[in-house]
Structures are given as C-alpha cells and as structure tokens.
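Remember, predicted model here, so these are calculated numbers, not experimental data.
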Amino acid sequence: MNVTQQTRVGLRTVALGYLFVLLALPIGVILYRTFEPGLSEFFASISTPAAISALNLSLLIVAIVVPLNVVFGVVTALALVRGRFRGRGLLQAVVDLPFAVSPIVVGVALIMLWGAGGWFGALDRSGFTVIFGLPGMVIATIFVTLPFVVREVEPVLHEIGTDQEQAASTLGATGWQTFWRITLPAIRWGLTYGVVLTVARALGEFGAVIMVSSGFAGVSQTLTLLVHARYIDDHNTYGAYAAATLLMGIALVVLLLMTVLDRKRSNR
Amino acid sequence: MTAVTAENAERDRVVSQTPASAGPGPESVPRPGGWRPPRHLGVGVVTLWLSIIVLLPLAALTVASLGNGLGGFWEAVTAPAALASLRVTVLVSAVVAVVNAVMGTLIAWVLVRDDFRGKRVVDALIDLPFALPTIVASIVLLSLYGPNSPVGVHLSATRWGVIVALAFVTLPFVVRSVQPVLIEADREVEEAASSLGATGWTTFRRIVLPTLLPAVIGGTGLAFARAIGEYGSVVLIGGNIPRETQVASQYIQQQIEIDRPEAAAAVSVALLAIAFLTLLVLRVLSGRAQRREERAV
C-alpha cells in the first residue's frame, strides 16, 4: 500500500495522539501527583498499618493460588493434550469459561454456592467461613486465574510431543522420574509465563474479590480493595494514588518479565 | 506440599469411583505415549477441579436465578432499573467496540507499516492495560479526567467516563489480533493494486481490509465481551447513576448489597448469556472465514 508521506504522518499522529490521551497522559499525571509531595510522603502512605496488611493479604492469596494453579493447571493441560476421552471438547470449553464471566458474576456465583444460604451453606453455618473470609477470596482468585497456566503449558506440550518421554520410560525411568527430568524441564518457560500471568491477575483482581470480602481494613482488604476504600470511603485521594502507583509498579515488573520470558520462549 | 497430598487423596477417591474405566493400575510403567497422569486419574482430577471451581458455582447461580420460578426470573431481568443497566452496558460496550475496531486497526497499521523513533516503547505500552489492575485503571483516569482535572475535562459520573475507562482496558484486543495478520500480509498484491492506479484508500478498502477483517472482528468481539462484564475500571469513574451510567455489573452488586440475591443472580445470568452469545457468534464467524480461506486455497 503506497501512502503519501502526508497520510502516513497523519495516521501516525492520530494513533499516537489517541494513545497519549488514553494511556500516557493519565499515567503521567498520576505519577506526578503521587511523587509531587516527595518520596517520603509516598512511602509513608504505602506503609501505614492498613497498607502493609493489605500487601500481606494480597501476597498471601498469591502464595496460596499459584501452587494450586500450577499443580492443577499442569495436570489439566496434560489431560487435555494427551488424554483421549469423551467430553474433552467440553473440558476445553470449561477451561476458557472464566475469561467470559464478569468478575461480579463470579462473586455472585460463589456466594450462591459457598454462602450461608448456598448449596454448601452447611459449611458456613458450621463455622467455616468461606464467603467474607480468606477462603472465599482465594477461590474467587482461582476462578479468574484458572485458564492461564493451562493455556500457556498446553501448546508447549503439543510441540514437544512424547518421543523423549518414551525413550526415558523405555530406558526404565518411572513415571515420576520421566515427569521431573523430561516433561517439567521442557514446559518450564511456558509454565513460568503462566505463573507470571497468574500472579499479575491475582494481585490485580478486584470485582470478584470485593464481592466475597468483608473489606475490613487490616483484616480482609487486599491492595486493590485498599485503593477503592481509600478513594470512596476515606476520601483519601492521595492515599489512593499512592497505593495505585504501588500496584502499577508491580504491574510494570510483570510486564518486563513477560517481555523477557516471551523472548526466552521463542528462542527455545 | 499440602496441595500435592490433597491431590493424591482426590486421585484415590476418583479411582475408586471409576473402577470400570480404571484400566491398568498407576504402577504399570513403562507405558508408551509419554508421561501422563495414570490413566483416567488425570481426567478425574481435572473434572473434579473444574467442577468445584467453575461449573458448580455457575450451576448454583443459574438455579438461584430461578429461585422465584421462570416468572420471577423474567420479572427480575425486565425490572426497569435492571433493563436500563443492561441497556447502558450494551450501548456503551458497542460504542467501545466500534472505537476499538477503528483505532485498534489504525494503531496496528502504524506499528507495523510505519517507522518512527520510540516505536518499540509504544508497542510495549499497548500491553499495559492488560497488566494493570482494573481499579488502577479507574484511578489513573480519574487523576486526569476526574474532579480535580488539571486539563479541565470532567468525565467523572458521565457516560463518556465509562466509555473512556472501557476503551482503556480493552485497548490491546484489536491491536494484538490485527498486528500479526498485517505482518504476514502479502504486500505484493497491494503494490500491484497501486501500480494499476488504485489510490491508497482504494487499496486499503479492497485489498488490505478484507484480509484484516477476521482479525478485526475477532478482536472487536473480545473487546465487546470484556466490556460487557467490566466492573473495576468503571466503578469509580462511572458514578453508578441509575439509567445513566450504572452498568449491569454495578446493578448486580447493588442487588447483593440490598439483599436481593435472586435478582442479582437473574441479571448475572442475563449478562452471561450476552457474553456467551457474543463469543458464539465470533466462533461461527471465524469458522466461516476459515472455511472460505481453505476454499480459496
């Protein structure tokens, strides 16, 4: 397509202008507003007791969700790639389902299942709080992050095939040995990529978590809930900016990791 | 560690539940076909896991939405406020989808065919909305377009605010689906067209756009589906004004807060249905495009 220099520059201006107004400028303004009062103000704002407990809770949820997603994600990917069974197409669809469900709907669905009046309500009435407790927040996070590990590991498994593993088992390796020495090293970058995506989403999830959290500062407030509460309930706009900037910093690290991992994956 | 033991316990249970299909026991190694979780065990674990996490909650949701019968469901979904929120959601998402279709394609074209300093930075920036938590997107936009706007643009509690927020979080969909197609596209055909005297616009309309269309539609559909259910990015900037800026997800949340779970569940199911319908249409469309391509080859 031969475009005149004029059109080319015009199109470039429109595209960059759009990105500037939508992305760059707002991010610039929030950074300016966060750091304008000085670094010490920023650190004071993100190290209040409520903020530290929110960070701890967010990290705790990540620490529970990631291992579960790794184990079940890899098993799911193996079953989907290597299994020959009826209903495989159905399972494929179910794995993608969380992407299509609104976070708020996730929250409502979990309340209908685990809440005091839900199907598993007996659990709640017997004193094990799921909804409005840590388990509910963990389950909500697992729901929204479930596809990541599966979908990142699956194509790698397709690609590597089973030749090496067959060789290993012919040479007398047990199933576990084959898995640890052959399969796991082969899928490690895909798996890591899936874990990075899971961590990012787990730290950033808001809608599903706010539905199943009691939201008490210092008890059941994650970082995203802290941002919301500071802005809406405390009218602490600066505090909300600072907490959002902290989350943004984490997101930036994630983005960098993704870029590096992506290169690693394609170099393989 | 506990996760592994729990998994093993679950495996044992699944195995004892499916004696007919258990086949050779877990110890029967070596087995051709590579390492896999002992046969049927993996499938059992996966089914159980997906059921508990995904299927059972959605089933409970559907049943709860019918708690007052089909009539109750219909009444909850067609309540004026519910209907208004669904209408606002679909309208705003449609606008955002169109904006994405146009701007996303344009940005993809600029990123692939144009050359300028800092292009790589811009390219990396596109993914930012996916990496950023939605509530942060809300705050970021409010810092510029909110009550203390330094540029004097006040979008807080307006439909435009909702549209900007949704455009922010859905930005990558179209760009990232069009970009690879544009890179692969055969430029010789375009050059042939222009050497035969076609203007840039004609070449784009007749040659480039038909190639890109499946990718544009795919990305736009995903953006629409995402916008339909979005909550975090609109919760602060939207203002939650009924009939004006209240989207369906906010209405649902409100119904839970005022303790009307059946209504919340009913509107949730309606919202799910819209999202699934969108994805179904997309699948049909992409299947058709693929068949057409195969026929062409």
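- Comparing I210(A), V105(A), L225(A) by heavy-atom pairs within less than 4.5 Å of chain B, the highest count is held by V105(A).
- Using a 4.5 Å cut-off between heavy atoms, V269(B) makes no contact with chain A at all.
- With a threshold of 4.5 angstrom between heavy atoms, A193(B) does not approach chain A through any atom at all.
- Only the side chain of L146(A) comes within less than 4.5 Å of a heavy atom in chain B; its backbone stays farther off.
- Checking side-chain atoms of R8(A) against main-chain N and O of D115(B) turns up no donor-acceptor pair under 3.5 Å.
- Only the side chain of V235(B) comes within contact range of chain A, judged by heavy atoms closer than 4.5 Å.
- Using a 4.5 Å cut-off between heavy atoms, F120(A) contacts chain B through its side chain alone, with no backbone atom that close.
- Only the backbone of A124(B) comes within less than 4.5 Å of a heavy atom of chain A; no side-chain atom from C-beta onward does.
- Shown here for V29(A) and P150(B), the closest heavy-atom pair between the two residues is CG1-CG, 4.3 Å.
- Annotation: the span from T62(B) atom OG1 to M112(A) atom CE amounts to 10.5 Å, rounded to 0.5 Å.
- Residue L55(B) touches chain A through its side chain alone, counting heavy-atom pairs closer than 4.5 Å.
- Annotation: side chain of F72(A) is not in contact with side chain of L48(B) (no heavy-atom distance under 4.5 Å).
- Heavy-atom distances place both the backbone and the side chain of F143(A) under 4.5 Å from chain B.
- Between F276(B) and L97(A), some side-chain heavy-atom pair lies under the 4.5 Å cut-off.
- Between L22(A) and M103(B) the shortest side-chain heavy-atom distance does not fall below 4.5 Å.
- Smallest separation of non-hydrogen atoms from L106(B) and L11(A): CD2-O, 3.3 Å.
- Per-residue heavy-atom pair counts under 4.5 Å with chain B were compared for L25(A), I139(A), V254(A), and the maximum is reached by L25(A).
- Contact of A225(B) with chain A is not made at all, since no heavy-atom distance falls under 4.5 Å.
- Contact annotation for L56(B): both backbone and side-chain heavy atoms come within less than 4.5 Å of a heavy atom of chain A.
- One distance of note links OG1 of T237(A) with CG of N148(B); it measures 7.0 Å at 0.5 Å rounding.
- With a threshold of 4.5 angstrom between heavy atoms, L252(A) approaches chain B through side-chain atoms but not through N, CA, C or O.
- At least one side-chain heavy atom of L16(A) sits less than 4.5 Å from a side-chain heavy atom of F116(B).
- Heavy-atom distances place both the backbone and the side chain of I27(A) under 4.5 Å from chain B.
- Looking at Y145(B) and V21(A), their side chains come closer than 4.5 Å, going by heavy atoms from C-beta outward.
- Counting heavy-atom pairs under 4.5 Å between each of A251(A), A109(A), A24(A) and chain B puts A109(A) at the top.
- Interface remark: of the candidates L113(A), L80(A), I182(A), L113(A) forms the most heavy-atom pairs closer than 4.5 Å to chain B.
- If you measure heavy-atom distances from L58(B) to chain A, the contacts under 4.5 Å come from both the backbone and the side chain.
- Pairing each heavy atom of S143(B) with each of P26(A), the nearest pair is OG-O, 3.6 Å.
- L68(A) has its side chain within reach of W49(B): a pair of non-hydrogen atoms, C-beta onward, lies under 4.5 Å apart.
- Between atom CZ of residue F130(B) and atom CG of residue L255(A) there is a gap of 11.5 Å, rounded to the nearest 0.5 Å.
- Between the CG atom in L223(A) and the CD1 atom in I135(B) there is a gap of 12.0 Å [rounded to 0.5 Å].
- Note that OG1 of T224(A) and CD1 of I139(B) are 11.5 Å apart. Values are rounded to the nearest 0.5 Å.
- Most heavy-atom pairs under 4.5 Å with chain B, from the set M258(A), R201(A), H228(A): that is H228(A).
- Going from atom CD1 of I104(A) over to atom CD of E230(B) covers 9.5 Å, rounded to the nearest 0.5 Å.
- Two residues are said to be in side-chain contact when any heavy atoms from C-beta on lie closer than 4.5 Å; L23(A) and P129(B) meet this criterion.
- Both the backbone and the side chain of L125(B) come within contact range of chain A, each with at least one heavy atom under 4.5 Å from a heavy atom of that chain.
- Panel note: side chain R12(A), backbone D114(B); no donor-acceptor pair is recorded below 3.5 Å.
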